[in-house]
Amino acid sequence: MWQTLTRVVLAGLLSFATILPAWAEGTVARAQFSTDVIDREPIDDIGPVVKVEYGEIQRVYFFTDLRAMSGGQVIHRWKLDGEEQADVAFDIGGDRWRVWSSKRLMPGFDGKWSVDIVLDGNIVETHSFDYVDEY
């Protein structure tokens, strides 16, 4: 009986140990696209669609609030229709770290834009919006 109980407890501990590294890597508490970031906070959430405004350059910001990733490096990998456009790297200096990057969007850059959040070489999350030409 004690051997069976000991095996069950050890199996449970081993199961927990296998998921611990993923949990210990931290989390993305918030991630969103915005028209600006002021005082380390996004001022709005632009939603899933941004309309092309001819003759205008629009800057779109991608904001992330990162938790428990101190000492790591995060990359915002901007893509247009699946093709990499830019990598913006950030060294994480604390348990709560807010970072943002931006992309200037001009007419002709319409399509599906996405940003991969890459932590130490692994994609943690991907967020996207459509840059739509409705004219």
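The figures that follow rest on heavy atoms only: side chains count, while hydrogens, waters and symmetry mates do not. Predicted model, so just to flag it, every value in this text is computed and none were measured.
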CG-NZ distance between D130 and K51, expressed to the nearest 0.5 angstrom: 12.5 Å
Once rounded to the nearest 0.5 Å, what's the spacing between atom CZ of F63 and atom CG of D45? 11.5 Å
In terms of hydrophobic clusters joined by side-chain contacts under 4.5 Å, are [X] and [Y] together?
X    : Y    : value
F90  : V124 : yes
V118 : W113 : no
L80  : I46  : yes
L66  : L119 : yes
V99  : I117 : yes

Provide the closest heavy-atom pair for [X] versus [Y] in the form atom of the first, atom of the second, distance.
X    : Y    : result
W78  : S101 : NE1-OG, 2.9 Å
S114 : S128 : CB-CB, 3.8 Å
D39  : R98  : O-NH1, 4.5 Å
P107 : V52  : CA-CG1, 3.9 Å

If we ignore hydrogens and angles and just use 3.5 Å, is the side chain of D120 paired with the main-chain N or O of Q73 as donor and acceptor? yes
Is the closest basic N to carboxylate O distance between D81 and K112 below 4.0 Å?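 A salt bridge is absent here (no side-chain N lies under 4.0 Å from a carboxylate O).
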Would you mind checking if D65 and R30 are paired as a salt bridge, meaning a charged N to carboxylate O distance below 4.0 Å?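 Looking at D65 together with R30, the answer is yes, because their closest N to O distance falls below 4.0 Å.
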Find out whether [X] and [Y] are in side-chain contact, i.e. whether some heavy atom of one side chain is under 4.5 Å from a heavy atom of the other.
X    : Y    : answer
Q58  : Y131 : yes
H127 : Q32  : no
T126 : R77  : no
T64  : F62  : yes
V115 : F33  : yes

Is the CD atom of E84 crowded by more than 12 outside heavy atoms at less than 6.0 Å? yes
Give a yes or no on whether R96 atom CZ has more than 12 heavy-atom contacts from other residues, nucleotides or ligands under 6.0 Å away.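 Yes, enclosed.
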Can you check side-chain hydrogen bond (donor to acceptor under 3.5 Å, both in side chains) on S34 and D44, steps first, answer last? CA-CA 5 Å; S34 179; D44 56 11; 2.7 Å; yes
After noting the C-alpha distance and the side-chain angles of D36 and R59, does the key distance pass the side chain to side chain contact (heavy atoms under 4.5 Å, CB included) rule? CA-CA 8 Å; D36 203 354; R59 185 173 295 272; over 6 Å; no
